[in-house]
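We use all heavy atoms of the structure for the numbers below, so side chains are in, but hydrogens, waters and symmetry mates are not.
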Amino acid sequence: MFLMNRRPPRLLPALTAAALLGFVVTHGLAQPAGPGFVLKLDGTLTETRTPSQALPAYGRAWVIEGRPEEQTTLTGDAEVRRAGSVIRGDRITYTSSTDELVATGNVRVTRDGNVFTGPALQLRVDANEGTFTSPDYYLALQGGGRGRAERIDFLGPGRAAASRATFSTCGPETPDWQISSRSLFIDQDDDRGVSRGALLSFKGAPLLASPYFAFSLGNERKSGFLAPSFGITSRSGVDLMVPWYWNVSHDTDATLYPRVSTRRGMQLGGEIRYLRDNFAGDTRFEANPYDQEAGSSRHFWHTRQSFSNLGGWGGGWDMRGVSDDRYFVDYSRSIVTSADRVLPRTVSFGRGLSEDWSMTVLVQKFQSILDARPGPYEREPQVVTRWLARDRGGFDMNSTFDVTQFISPDVIRPSGTRMVAHPSVSWPVRRPGWFAVPKANVHATSYQVNTALGTDYGLQRVVPTLSFDSGMVFERPHTYAGRDITQTLEPRLFYVRTPFRDQSAFPVFDTAPADFNFAQLFSDNTFIGNDRIADVNQLTAAAVSRLIDPQTGAEGLRFATGFRSYFSDQQVAIPGVTPRTDRRSDLLVAAAGPLGSNWSIDTGLQYSMATTVLPRFSMVGRYLPPDGRVLNAGVRYRRDQLGQVDVSTRWPIVDGWSSLVRLNYSFLSEGYDPVSRVENTRGFVESLMGFEYTASCWALRVLTQQFRTAANASTTAFFLQLELNGLGTIGQNPFLVLQRNIPGYRLPQGTLEPGSRYFGYE
């Protein structure tokens, strides 16, 4: 122990003796240490816990008097320590026979980062039973919450009951929000609390009241009601949802969310999730027995499952369905789900057959709605077997064998069975600074086609392909923005030759033209799927340059450019798509990476050398400083498909207020949106405007969002959320909406980090 200079000089001899001797006990506070007991300094605060009864206690004060085996009294700046707990007061008395400690005058108790202060404490130490009168408390492990109570009764280890208690994470003086409870019961072993007669007030006004509610003290899952949420949409009206959470077991939980809206009536939704060693999944459903607007029952369901190593097999399913075409239009709260038109129902499973062989079986059906009808072909089933052998005498060999039964979703298009054998062999040579990969493959296909008229026929084709891929990597030291970097130059050439085979009589089950981008530049087929094998005789040239931090290897700016030279006209085509006749390729240019000062850019363009137009262009700039400001601005253009200007921001205005804005405007009046297939019209595709106010212990978000749901249809939603730090939220949570609409958006307060039990260590 150390003496402090402020102690009266006349007490120095007694205090020095007390400091050197103190009193040390191994049980209660009154038994002397055994022979050979030595204090040992520990340079670290370990998280290993030892039962307090097995540890000694230490005491100090201005005056220590009494008999340790009967009663000991510490007077004047008294302090008792044991097992990380500290009790301080003007006077502390411990009675050995009853194991009772009484502290009076400026009592302060600290344990596990939590602090209690008050005028008087009476405690049976080992039993942890007693009373704390009029305490104030600070709970570091509960998000920094604080409050006061008329009285706290300790009912045993980890259990306590408080009378007339308050709680808030705001400052101690006039907190902006506060929970007042008639009684509060805490059970730390069970990690739960129960409040009776609770009232939540905000800015002095009552906000919510509850005669009873239970809550978790930590991060453990607990069954019970979650915070209610409410919102307003133009499709549903005023919407209120009260979720109930069920902690079924350590690896399974479920949530039921009854929901009522002024325009749609009563709705019940639910979700069950499970996570086991070999399988995991979740199932979600929503059902409205009678939609007041539609005059019928409506529902939605989605189930997902994945499994592995079940008898050597792995796989799963992913299936969705709705009751009618306009379910997403009427019930969606974001443009992501409202744009869904094709709902897959897929079941797949597979396994490794040997070291080199594997097999996958898939069944896929669809529910197509609105303008996506009649929908894509269904696979009932598809069986794929693969053989992959790496570095066999320097050669890589790969073979795919695919048998698929395609079912037409209507009676007009043909159905049929397609069998594909696609073996390939390559000889990759990779050395420091360069690589070369010659490759040969054969695509053999056989069809058995069934038409609506009952005239079945068969088709076969064999198409060989030769390709040669090569590239080099050059590096040099460079200086950029005052920093030492490594700059690379990576040129690459790719030649591919596939002869022409007449495929005009072959059906098109799952094939479409490949998008022209940097990844597709180095593909040997300009189609995606197995129904068309393009006749090509072309050379691709590309180059990439990167700026790399030599210390960390992190990539900074990247520049890329590439183009193709065609040596013959295209003859193989898909019905309805005009084949290429110009031998000049489009030019691709792209750049992406940080620009410094918290700015970054991602841009790319496609330039047609034949028509001197830009078939595609995109550019997005982002400003993302660490203080929470966000600014995104960009434009996306795809000829006859997409033309949008997109601006989003979170920007401080004044005194804690920030604006939340996202504007997505379409400037095309022709063509179709490539995702929703809705005809393009000029106007706002999606817009969001609102405000956010952040204080030290709470935040308020108010925003409205409008988005297109179908042709000539849109939905407007209103969000109001009050977030109380350390407690939860009231209203409909717009975080996912903000995160999707304003890339880079972060919660200003962030997630409260769990406190340390060493907070305020004394």
Under 3.5 Å, side chain of [X] to main-chain N/O of [Y], donor-acceptor pair present?
X	Y	value
S545	T488	yes
R650	G628	yes
T540	L521	yes
S261	R264	yes
E378	F366	yes
T498	D535	no
T704	A717	yes
T561	L588	yes
Q292	T262	yes

inquiry  = For a side chain to side chain donor-acceptor pair (under 3.5 Å) check, start with the C-alpha distance between D402 and T404, then their side-chain angles and the critical distance, and finish with the verdict.
reply    = CA-CA 6 Å; D402 183 329; T404 306; 2.7 Å; yes
Can you tell me if [X] has over 12 outside heavy atoms packed within less than 6.0 Å of its [atom1]?
X	atom1	answer
F567	CZ	yes
M319	CE	yes
R320	CZ	yes
M689	CE	no

How many angstroms lie between [atom1] in [X] and [atom2] in [Y], if you round to the nearest 0.5 Å?
X	Y	atom1	atom2	answer
F285	H302	CZ	NE2	15.0 Å
T511	I533	OG1	CD1	7.5 Å
Y566	L539	OH	CG	11.5 Å
D282	R273	CG	CZ	8.0 Å
D340	I369	CG	CD1	7.0 Å
W698	L724	CH2	CG	9.0 Å

task = For the pair N632 and S648, evaluate side chain to side chain donor-acceptor pair (under 3.5 Å) and give the outcome as yes or no after the intermediate values.
result = CA-CA 5 Å; N632 304 288; S648 60; 3.1 Å; yes
inquiry  = Once ring pair (Phe, Tyr, Trp, His ring centres under 6.0 Å) is applied, what residue pairs with a partner in residues 620-659 remain, sequence neighbours excluded?
reply    = W599-Y623, W657-Y693
Any donor-acceptor pair under 3.5 Å linking the side-chain atoms of [Y] with those of [X]?
X	Y	value
R532	Q503	no
T255	E271	no
R345	Q367	yes
E686	Q705	yes
D469	Y495	no
N525	H443	no
Q706	T716	yes
E692	Y745	yes

If you measure from the Lys or Arg side-chain nitrogens to the Asp or Glu carboxylate oxygens, is any gap between [X] and [Y] under 4.0 Å?
X	Y	result
E286	R284	yes
D531	R418	yes
D239	R263	no
R662	D646	yes
D324	R326	no

Residue pair [X] / [Y], side-chain heavy-atom distance below 4.5 Å:
X	Y	result
V630	T649	no
V322	H299	no
R379	L362	yes

request  = Let me see the working for W317 and T303 under side chain to side chain donor-acceptor pair (under 3.5 Å), right down to the final yes or no.
outcome  = CA-CA 8 Å; W317 65 72; T303 178; 3.2 Å; yes
request  = Name all residues meeting the side chain to side chain contact (heavy atoms under 4.5 Å, CB included) criterion together with D410; count only those two or more places apart in sequence or in a different chain, and write none if there are none.
outcome  = P374, S408, I412, R413
Sub-6.0 Å ring centroid separation between F328 and F300 = yes
task = In sequence, state the C-alpha distance, the side-chain angles, and the governing distance for D515 and R616, and then conclude on salt bridge (charged side-chain N to carboxylate O under 4.0 Å, His left out).
result = CA-CA 11 Å; D515 195 15; R616 180 182 305 176; 2.3 Å; yes
note = Residues P409 and G375: closest non-hydrogen pair is CG-O, 3.3 Å
task = Taking all heavy atoms of V544 and all of A560, pick out the closest pair and write down the distance.
result = CG2-CB, 4.0 Å
message = Taking salt bridge (Lys or Arg N to Asp or Glu O under 4.0 Å) as the definition, give me every residue that meets it alongside D524, ordered by chain and number, with sequence neighbours left out.
response = none
note = Exactly one candidate in R298, R341, R373 meets salt bridge (Lys or Arg N to Asp or Glu O under 4.0 Å) with D325; the answer is R373
